[in-house]
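Naming convention: chains lettered A, B, ... in sequence-line order (proteins, then strands); numbering from 1 in each chain.
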Protein chains: 2
Amino acid sequence: MSRKAVMTTDKKQAILDSALQLFVKKGFNATSTASIAKAAGVATGTLFHHFPTKKDIMSQLFLSIKQEFATNMISNTDFIGDIEQDANTLWQKAIDWAIAQPLKQLFFLQYSMSADIDADVRKQAMNSILGFVVELIEQGKQQQIIADFPNALLLENCHGQYLAAIRFFTDNPNLGDDDAHRNASFRLFWQAMKA
Amino acid sequence: MSRKAVMTTDKKQAILDSALQLFVKKGFNATSTASIAKAAGVATGTLFHHFPTKKDIMSQLFLSIKQEFATNMISNTDFIGDIEQDANTLWQKAIDWAIAQPLKQLFFLQYSMSADIDADVRKQAMNSILGFVVELIEQGKQQQIIADFPNALLLENCHGQYLAAIRFFTDNPNLGDDDAHRNASFRLFWQAMKA
DNA sequence: GTCTATATGCCGATAGAC
DNA sequence: GTCTATCGGCATATAGAC
């Protein structure tokens with residue numbers, strides 16, 4: 001309420017916010033550092049004070065969004081011990097998050113497999129940030145509820161089906177809270193994974 | 001055998017071939033038109049004689065590879081009428097193709113959802129070229145062998161699971177002819193799709 | 001169709017005052 | 001930390017001879 005509020009002198013965050021919008025809208029290489037700085041309301045000198053190179057903006061953006069996604073997924077989630085039901089809870093939460101964050105959803109779709117992001121950065125995100133998925137898979141396999149396929153294949157499949165689902169809900173935004181479609185998307189996923 | 005052979009005076013194709021290699025290796029924007037021309041052994045003037053802009057190179061490349069994939073999929077394929085078995089035949093053929101064409105496989109992974117390719121070009125590829133997938137899905141649904149989920153969702157899921165599979169076999173090239181992994185990848189796909 | 005030569009504009013990044 | 005001013009380079013695309 002107060003006029004001062006948190007008074008974001010946080011130019012660095014403003015740069016990341018603007019970069020997200022422009023990278024999604026125009027693509028990485030079609031976005032000049034000058035345009036990012038302008039949209040963020042800072043000077044180019046300031047931009048390069050916070051980020052050594054343009055690629056560093058992208059790397060930090062990618063990691064911070066993945067981290068935000070993972071944090072959202074594991075916080076306030078009640079695991080009841082039933083793998084299928086827990087998987088459903090997580091799946092719906094992941095879809096919810098994507099729908100609530102259309103810009104970040106588009107960012108995932110565009111850059112999850114792009115060469116604009118260094119391979120080691122993508123690897124870091126997969127290993128350290130998406131670790132909770134690996135754990136769930138292993139737990140399910142021990143209980144013989146998830147199919148006994150190689151872990152790497154299962155993980156890649158999870159990722160691919162999630163991207164397919166959010167691609168669908170991106171292209172059909174009105175179906176985002178249609179129960180039939182949401183349940184279908186989970187069934188598609190779960191039927192693939194289950195033993 | 002003969003020294004003259006087909007004597008490729010076909011500079012246009014040489015440009016597309018070089019572009020494929022460079023786009024996969026360095027990314028679209030990190031690849032200069034000058035480097036494409038040099039790798040193809042032609043002058044930049046020649047390049048711009050055949051392609052009005054750099055983006056046109058990408059568009060033509062994308063469409064020609066998708067077309068090549070589709071043509072390969074439907075030619076010399078014996079459909080026996082059993083949906084599951086026909087789906088397996090196509091799936092294995094798709095994996096085979098990807099493994100035999102590592103460059104084009106990487107191209108798919110990198111650019112299938114990239115902003116470097118115009119949306120209408122991607123749409124054109126999906127609709128006209130991948131039409132045989134839609135037909136198979138509809139046929140399977142009529143026979144109640146494929147799950148009665150919305151077509152667009154099923155199609156997107158097919159695409160996503162295929163990309164996941166070739167991503168896996170790209171990262172684990174030694175498993176490309178391991179029957180266990182290949183069958184697992186089809187089971188993962190079919191379990192998702194089946195009624 | 002293919003080449004050589006070139007323009008011209010924009011981009012990432014730096015210097016240095018405040 | 002933030003700004004203004006600016007550089008050097010490179011990339012796309014063109015002009016015009018052959």
N/O donor-acceptor pairs under 3.5 Å from side chains in residues 140-148 of chain A, not counting sequence neighbours:
{"from": "A:Lys141", "atom 1": "NZ", "to": "A:Phe149", "atom 2": "O", "distance (Å)": "2.7"}
{"from": "A:Lys141", "atom 1": "NZ", "to": "A:Asn151", "atom 2": "OD1", "distance (Å)": "2.7"}

**Message:** Could you tell me how far apart B:Lys38 (NZ) and D:dC10 (C1') are, to the nearest whole angstrom?
**Reply:** 15 Å
**Request:** Figure out the CD1/P separation between B:Ile36 and C:dT2, and round it to whole Å.
**Result:** 16 Å
**Request:** Establish, yes or no, whether the cationic atom of A:Lys66 lies under 6.0 Å from the six-membered ring centre of A:Phe108 and within 45° of the ring axis.
**Result:** yes
**Item:** Nearest atoms (heavy-atom pairs only) where B:Met113 meets B:Arg122
**Value:** CA-NE, 4.3 Å
**Asked** Is there a ring pair (Phe, Tyr, Trp, His ring centres under 6.0 Å) between B:Phe132 and B:Phe79 once you walk through the steps?
**Response** CA-CA 12 Å; B:Phe132 70 95; B:Phe79 291 99; 8.6 Å; no
Could I get a table of every N or O pair under 3.5 Å where one atom is in the protein and the other is in nucleotides 4-6 of chain C?
{"from": "C:dA5", "atom 1": "N6", "to": "B:Thr44", "atom 2": "OG1", "distance (Å)": "3.3"}

**Request:** Would you verify whether the NZ or CZ of B:Lys12 falls within 45 degrees of the ring axis of B:Phe51 while also being under 6.0 Å from that six-membered ring's centre?
**Result:** yes
**Request:** Spell out, as yes or no, whether a donor-acceptor pair under 3.5 Å connects the side chain of B:Asn172 to the backbone of B:Phe168.
**Result:** yes
**Request:** Measure from NZ on A:Lys12 to P on D:dC3 and round the result to the nearest Å.
**Result:** 16 Å
**Message:** Which label fits A:Trp91 and A:Phe189: parallel for a plane angle under 30°, tilted from 30 to 60°, or perpendicular past 60°?
**Reply:** parallel
**Message:** Students often get this wrong, so: under 4.0 angstrom with heavy atoms, is B:Thr31 touching a base, only sugar-phosphate, or nothing?
**Reply:** sugar-phosphate
**Prompt:** Looking only at side-chain N and O atoms, does A:Thr33 come under 4.0 Å of OP1 or OP2 in C:dC11?
**Reply:** no
**Prompt:** Over how many whole Å does the gap from A:Leu47 atom CG to D:dT2 atom P extend?
**Reply:** 11 Å
**Fill in**
Shortest non-hydrogen pair, B:Thr53 vs B:Phe48, comes out as CA-CE2, 4.3 Å
**Prompt:** How close do A:Ile129 and A:Ala70 get, heavy atom to heavy atom, and via which atoms?
**Reply:** CG2-CB, 3.3 Å
**Message:** Near DNA chain C, counting only heavy atoms under 4.0 Å, which residues of residues 48-57 of chain A show up?
**Reply:** A:Phe48, A:Thr53, A:Lys54
**Side-chain N,O (B:Lys11) to OP1/OP2 (C:dC3) below 4.0 Å** = yes
**Item:** Whole-Å gap separating C1' (C:dG1) and CD1 (B:Ile15)
**Value:** 11 Å
